[in-house]
Every structure is written in structure tokens, then in C-alpha cells.
Peer 1: 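Dumping the structure here so I can ask a few things about it.
Note that these values count all heavy atoms, side chains included, but never hydrogens, waters or copies made by symmetry. All residue numbers refer to positions in the sequence shown, counting from 1.
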Amino acid sequence: MKIIVDADACPVKSEIVALAKQHDIQVVMVSDLSHVIEDGYSQVITVDQGAESVDIAIFNMITLNDIVVTQDYGVATMVLGKGAKAINQNGFVYSNDNIDELLFARHISAKQRKSGHKTKGPSKRKKVDNQRFSEELGKMLR
């Protein structure tokens, strides 16, 4: 088992590393060339800038029982399809029971934006979001 992080916009990298150290688990941070990640613990994989380059790199390295941290529903879908686990940066655990509904909601929002409707963005990040993430990731690691 390893933790693979869609690291470009991940706000909980330090929480991931802290938990991984406690459980002696490998962390792989995947980002594109526009980001520099140096935490002294993680293996860092840097890929070319491209629309899906990080997603493809993550997909290619997933193995059974890995944990992937991502906010991308598409990546989460691929992760679940390979028998791995997926969690977002707020501690929401993706599953086969909830991913279809999430993808459908994303599709509806995209259609609304395309037709000129304004959709609500994510709410401002709070300290409780980091705590919830750490609790859920901790459960997954036990």
C-alpha cells in the first residue's frame, strides 16, 4: 500500500506526510512542471504540463489497495476501478456507491455553465476540513 497524491492543488500535503510517517507508508506526490514539492519524505514525480498528464501518471502507478488523494471525480473513478481507495482533501471518501451521483452532478453543472448559468464554487477552506481529512485518512490507514 502507498498513498498517491494528485498534488498540484492539494492543500493537505503536510497532513498526508505526517500520517504516512506514523504508519511507515510510502507517499508519492504527482504534479506537473509548474509546481515544486519538497517535503523530505515523499517520492515526487513531476510530469509535463498537460490537461490530463498528472491523471494519467496516477492511473499508471495505482495498484490494489493504494490510497489516492484527489479532488477530481474522474481520477477517483479510475482509482476505484483498479481496486484502490480514493479520498478528497476534505475527508470525503469516494466509493462505488457514491461516484456515479458525483459524476452526474458534475455533468449537470458543466451543462449549466455552458449554457451561461453561473454555478457556485467551493466554499472557503477551514481548519475543520484538514481535521476531517486527517481523521478519515487515519481510518483508511488502520
Peer 1: Got a sec, which residues hit salt bridge (Lys or Arg N to Asp or Glu O under 4.0 Å) with Arg125, two or more places apart in sequence or on another chain?
Peer 2: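 Arg125: no salt bridge (Lys or Arg N to Asp or Glu O under 4.0 Å) contacts found.
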Peer 1: Between Asp55 (side chain only) and Asp72 (backbone N and O only), is there a donor and an acceptor less than 3.5 Å apart?
Peer 2: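 Side chain of Asp55 to backbone of Asp72, a donor-acceptor pair under 3.5 Å: no, none is there.
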Peer 1: Taking all non-hydrogen atoms of both residues into account, name the closest pair between Lys13 and Ala7 and its distance.
Peer 2: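 Looking at all heavy atoms of both residues, the closest pair is NZ-O, 3.1 Å.
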Peer 1: Looking at every heavy atom in both Ile3 and Ala20, which two are closest together, and how far apart are they?
Peer 2: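 Closest approach of Ile3 to Ala20, heavy atoms only: CD1-CB, 4.2 Å.
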Peer 1: Side-chain heavy atoms nearer than 4.5 Å, only ILVMFWY residues, links allowed to pass through others: does that put Val28 and Val75 together?
Peer 2: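 As far as the 4.5 Å side-chain criterion goes, Val75 and Val28 are connected within one cluster.
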Peer 1: For Lys139, give me all partners under salt bridge (Lys or Arg N to Asp or Glu O under 4.0 Å), at least two apart in sequence or on another chain.
Peer 2: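 If we apply the salt bridge (Lys or Arg N to Asp or Glu O under 4.0 Å) test to Lys139, skipping adjacent residues, the hits are Glu136.
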Peer 1: To the closest 0.5 Å, what do you measure between CG (Leu141) and CD1 (Ile25)?
Peer 2: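 Output value for this atom pair is 4.5 Å.
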Peer 1: Is a donor on one side and an acceptor on the other found under 3.5 Å between the side chain of Asn60 and the backbone of Ala57?
Peer 2: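 Here the side-chain-to-backbone pair does not exist.
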Peer 1: Sequence neighbours excluded, which residues qualify as salt bridge (Lys or Arg N to Asp or Glu O under 4.0 Å) partners of Asp129?
Peer 2: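 Salt bridge (Lys or Arg N to Asp or Glu O under 4.0 Å) check on Asp129 returns Arg132.
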Peer 1: Just how far is it from atom CG of Leu64 to atom CD1 of Ile62, taken to the nearest 0.5 Å?
Peer 2: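 Answer rounded to 0.5 Å: 11.0 Å.
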Peer 1: Among residues at least two apart in sequence or on other chains, which ones pass ring-ring contact (aromatic ring centres under 6.0 Å, His included) with Phe59?
Peer 2: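 By the ring-ring contact (aromatic ring centres under 6.0 Å, His included) rule, Phe59 matches no residue at all.
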Peer 1: What about Val44 and Ile4, same hydrophobic cluster or not, with Ile/Leu/Val/Met/Phe/Trp/Tyr joined at side-chain heavy-atom distances under 4.5 Å?
Peer 2: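 No, separate clusters.
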Peer 1: What pairs with Glu15 under side chain to side chain contact (heavy atoms under 4.5 Å, CB included), at least two apart in sequence or on another chain?
Peer 2: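 If we apply the side chain to side chain contact (heavy atoms under 4.5 Å, CB included) test to Glu15, skipping adjacent residues, the hits are Val12, Asn130, Phe133, Ser134.
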Peer 1: Same hydrophobic cluster for Val79 and Val47, using side-chain heavy-atom links shorter than 4.5 Å among ILVMFWY?
Peer 2: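 Val79 clusters together with Val47.
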Peer 1: For Ser123, which residues count as a side chain to side chain donor-acceptor pair (under 3.5 Å) partner, sequence neighbours excluded?
Peer 2: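 Result, side chain to side chain donor-acceptor pair (under 3.5 Å) vs Ser123: none returned.
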Peer 1: With sequence neighbours excluded, give me every side chain to side chain donor-acceptor pair (under 3.5 Å) pair touching residues 19-30.
Peer 2: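 Side chain to side chain donor-acceptor pair (under 3.5 Å) check on residues 19-30 returns Gln26-Gln43.
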Peer 1: If you group Ile, Leu, Val, Met, Phe, Trp and Tyr by side-chain heavy-atom gaps below 4.5 Å, do Ile37 and Leu19 land in one group?
Peer 2: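 Yes; Leu19 is reachable from Ile37 via cluster members.
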Peer 1: State, with a plain yes or no, whether a side-chain heavy atom of Ile45 is found less than 4.5 Å away from one of Met61.
Peer 2: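 Touching, per the 4.5 Å side-chain cut-off.
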Peer 1: Measure the CD-OH distance between Glu101 and Tyr73 for me, rounded to the nearest 0.5 Å.
Peer 2: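 Answer for the CD-OH pair, Glu101 versus Tyr73, is 10.0 Å.
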Peer 1: Side-chain contact, heavy-atom cut-off 4.5 Å: Val69 with Asp6?
Peer 2: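 No, too far: nothing below the 4.5 Å cut-off.
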Peer 1: Does Lys2 have any side chain to side chain donor-acceptor pair (under 3.5 Å) partners at least two apart in sequence or in another chain, and if so, which?
Peer 2: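 By the side chain to side chain donor-acceptor pair (under 3.5 Å) rule, Lys2 matches Thr63, Asp66.
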Peer 1: Would a 4.5 Å heavy-atom cut-off, applied to side chains only, mark Asp8 and Asp32 as touching?
Peer 2: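 They are in contact (side-chain heavy atoms under 4.5 Å apart), so the answer is yes.
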Peer 1: With sequence neighbours left out, what residues match Val36 under side chain to side chain contact (heavy atoms under 4.5 Å, CB included)?
Peer 2: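 Counting only residues at least two positions away or on another chain, Val36 forms a side chain to side chain contact (heavy atoms under 4.5 Å, CB included) with Glu38.
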Peer 1: Quick test of your reading: applying side chain to side chain donor-acceptor pair (under 3.5 Å), list the pairs with at least one residue in residues 77-88, sequence neighbours left out, ordered by first then second residue.
Peer 2: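 Those involving residues 77-88 do not exist here.
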Peer 1: For a 4.5 angstrom cut-off between non-hydrogen side-chain atoms, does Ile67 reach Leu137?
Peer 2: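 SC-SC contact between Ile67 and Leu137 confirmed.
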Peer 1: Supply the atom-to-atom distance Cys10 SG to Gln71 CD, rounded to the nearest 0.5 angstrom.
Peer 2: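 Reported to 0.5 Å precision, the distance equals 8.0 Å.
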Peer 1: Going by side chain to side chain contact (heavy atoms under 4.5 Å, CB included), name the residues that satisfy it together with Ser42, two or more places apart in sequence or in a different chain.
Peer 2: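 Here the qualifying residues are Val17, Val27, Met29, Asp39.
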Peer 1: Quick check on the hydrophobic clustering: are Val68 and Val54 connected, directly or via other members, by side-chain heavy-atom contacts under 4.5 Å?
Peer 2: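 Hydrophobic grouping puts Val68 with Val54.
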Peer 1: Return the set of residues passing side chain to side chain contact (heavy atoms under 4.5 Å, CB included) with Ala76 (not counting sequence neighbours), or none when no residue passes.
Peer 2: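 Testing Ala76 for side chain to side chain contact (heavy atoms under 4.5 Å, CB included), a comparison that skips the adjacent residues, returns Thr70, Ala86, Tyr94, Ile99.
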